[in-house]
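The next block holds one structure in the form of structure tokens; read it before the comments.
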Amino acid sequence: MKLKITAIITAAVLLLFGTFAADAAVYTVDEPTNGSTIYIAGDPDMYPIEYYDTQDKEYKGILPELYKKISDSNGIDFSYINSGTTNSQYRLAKNNQVEIVSAHAKGDVEDLSKEVHILTYTKNKEEVELCIGFTSIAPDDLVNKVTSALQSASSEEILRLSVETAVTESPNDFPYWLIFVIAGLLILVIIMVINIILRRKRDKAAKQSRLTDPLTGIGNSLYFEQWYNSFISPASSPL
């Protein structure tokens with residue numbers, strides 16, 4: 001996914017709220033429960049906007065940082081619903097299990113009462129609008145606070161956070177099996193090269209054996225027939 005520079009800048013909407021509230025936090029939980037927590041359905045594969053870190057078992061990226069800023073400023077607890085590497089935004093929104101449907105392409109998720117545009121990126125030569133959505137159970141004050149956060153960041157702060165997120169965070173779902181595949185291919189290549197070298201040595205030794213007299217250790221008649229023209233010039237040849 002090739003994000004436009006302006007789209008990346010617009011996406012990093014998260015440096016607006018500076019007041020610290022010790023009791024506020026952003027969590028990642030397995031399933032929603034009753035209580036005052038605001039639940040979020042995230043996209044586990046939208047790096048660097050947001051992604052699920054399988055090692056730390058939590059959502060990371062630009063949007064999670066935005067929710068932390070809102071949480072610090074307003075004392076709201078947010079919790080991403082952990083679906084691992086599976087995107088369950090459609091299901092969670094349809095069942096009204098979350099208030100916020102985080103990063104998603106506009107129109108991909110139904111049953112949303114409002115969508116707020118974040119950025120536009122190009123995919124398969126077509127422009128796609130990336131949005132944050134709110135379900136019908138999202139309180140109006142929550143919608144207003146998140147929408148305000150998306151629309152109020154300064155360009156300087158937005159750019160700084162975009163760069164910091166891209167540099168300091170990276171998804172750790174690296175396909176480690178690929179290392180073993182590459183290592184196996186390298187070993188196979190090495191074995192093939194060794195076999196070629198050994199075969200050439202055997203062929204050379206066999207050829208040398210055919211041209212050597214076993215009693216004297218010098219070249220036999222085949223050897224002299226093969227190298228006759230090299231030893232005697234045509235001018236001095238008696239034939």
Side-chain angles (χ1 to χ4, degrees), residues 1-16 26-30 32 38-71 78-95 97-112 114-135 138 142-143 146-147 149-151 153 157-175:
M1 180 179 66
K2 298 181 179 178
L3 299 181
K4 295 181 179 179
I5 295 177
T6 54
I8 296 176
I9 293 176
T10 307
V13 284
L14 37 131
L15 297 175
L16 310 190
V26 177
Y27 306 99
T28 300
V29 297
D30 292 331
I38 300 300
Y39 290 103
I40 304 171
D43 187 330
D45 192 28
M46 188 66 76
Y47 177 85
I49 306 303
E50 69 180 3
Y51 65 95
Y52 182 70
D53 189 314
T54 56
Q55 180 175 330
D56 293 338
K57 299 188 183 303
E58 65 180 14
Y59 270 85
K60 294 182 179 180
I62 295 174
L63 288 179
E65 291 298 319
L66 168 64
Y67 301 133
K68 288 179 183 178
K69 294 294 182 180
I70 300 174
S71 178
F78 293 96
S79 287
Y80 272 91
I81 302 301
N82 170 24
S83 297
T85 57
T86 302
N87 189 334
S88 300
Q89 291 177 315
Y90 181 87
R91 174 180 62 82
L92 293 170
K94 184 176 182 63
N95 295 335
Q97 293 177 281
V98 295
E99 285 85 358
I100 297 175
V101 176
S102 203
H104 67 278
K106 185 175 182 179
D108 278 0
V109 181
E110 299 178 357
D111 302 301
L112 297 176
K114 182 178 182 179
E115 287 181 304
V116 179
H117 177 268
I118 304 174
L119 58 87
T120 300
Y121 67 91
T122 301
K123 182 177 182 181
N124 298 329
K125 298 182 180 181
E126 294 184 359
E127 289 191 347
V128 178
E129 290 188 49
L130 196 67
C131 302
I132 286 179
F134 302 91
T135 65
L142 172 70
V143 175
V146 175
T147 301
L150 291 170
Q151 297 173 346
E157 294 295 336
I158 289 174
L159 179 59
R160 182 182 68 82
L161 186 60
S162 297
V163 173
E164 286 181 357
T165 301
V167 170
T168 61
E169 297 183 359
S170 61
N172 55 24
D173 295 329
F174 180 80

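Just so it is clear, the values below take in all heavy atoms, side chains as well, and ignore hydrogens, waters and symmetry mates. Positions are given from 1 along the sequence. Since the structure is predicted, the reported quantities are computational estimates derived from the model, not experimental observations.
Here the CD1-CD distance, from Ile132 to Glu50, works out to 7.5 Å after rounding to the nearest 0.5 Å. Rounded to the nearest 0.5 Å, atoms NZ (Lys106) and CD (Glu115) are 6.5 Å apart.
The environment of CG in Asp45 is sparse: at most 12 heavy-atom neighbours from other residues, nucleotides or ligands sit within 6.0 Å.
Inter-residue side-chain proximity for Tyr52 and Lys57 is flagged as met; some heavy-atom pair is nearer than 4.5 Å. Side-chain contact between Ile40 and Tyr59: absent, with no pair of heavy atoms (C-beta onward) separated by less than 4.5 Å. A 4.5 Å side-chain heavy-atom check between Pro44 and Asn87 finds at least one atom pair inside the cut-off. Taking the side chain as every heavy atom from C-beta outward, Ile62 and Leu66 never approach each other to under 4.5 Å.
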Steps toward side-chain contact (heavy atoms from CB on, under 4.5 Å) verdict (Ile81, Val98):
CA-CA 8 Å; Ile81 302 301; Val98 295; 3.8 Å; yes

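Here the options are Val143, Leu63, Leu142, the test is side chain to side chain contact (heavy atoms under 4.5 Å, CB included), and the partner is Ile100; only Leu142 passes.
Contact record, Asp43 with Met46: OD2-CE, 3.4 Å, taken as the closest heavy-atom pair. Counting all heavy atoms, side chain and backbone alike, Ser102 lies closest to Tyr80 at OG-OH, 3.8 Å.
Tyr67 contributes no side-chain N or O that, together with a main-chain N or O of Phe78, makes up a donor-acceptor pair within less than 3.5 Å.
With sequence neighbours left out, Glu99 forms a side-chain hydrogen bond (donor to acceptor under 3.5 Å, both in side chains) with no residue at all. Every side chain to side chain contact (heavy atoms under 4.5 Å, CB included) that Asn95 has, sequence neighbours left out, goes to Arg91, Gln97. Residues satisfying the side chain to side chain contact (heavy atoms under 4.5 Å, CB included) criterion with Lys94, sequence neighbours excluded, are Tyr90, Asp111. Applying the side chain to side chain contact (heavy atoms under 4.5 Å, CB included) criterion to Val109, with sequence neighbours excluded, gives Gln89, Ala93, Val101, His104, Leu112.
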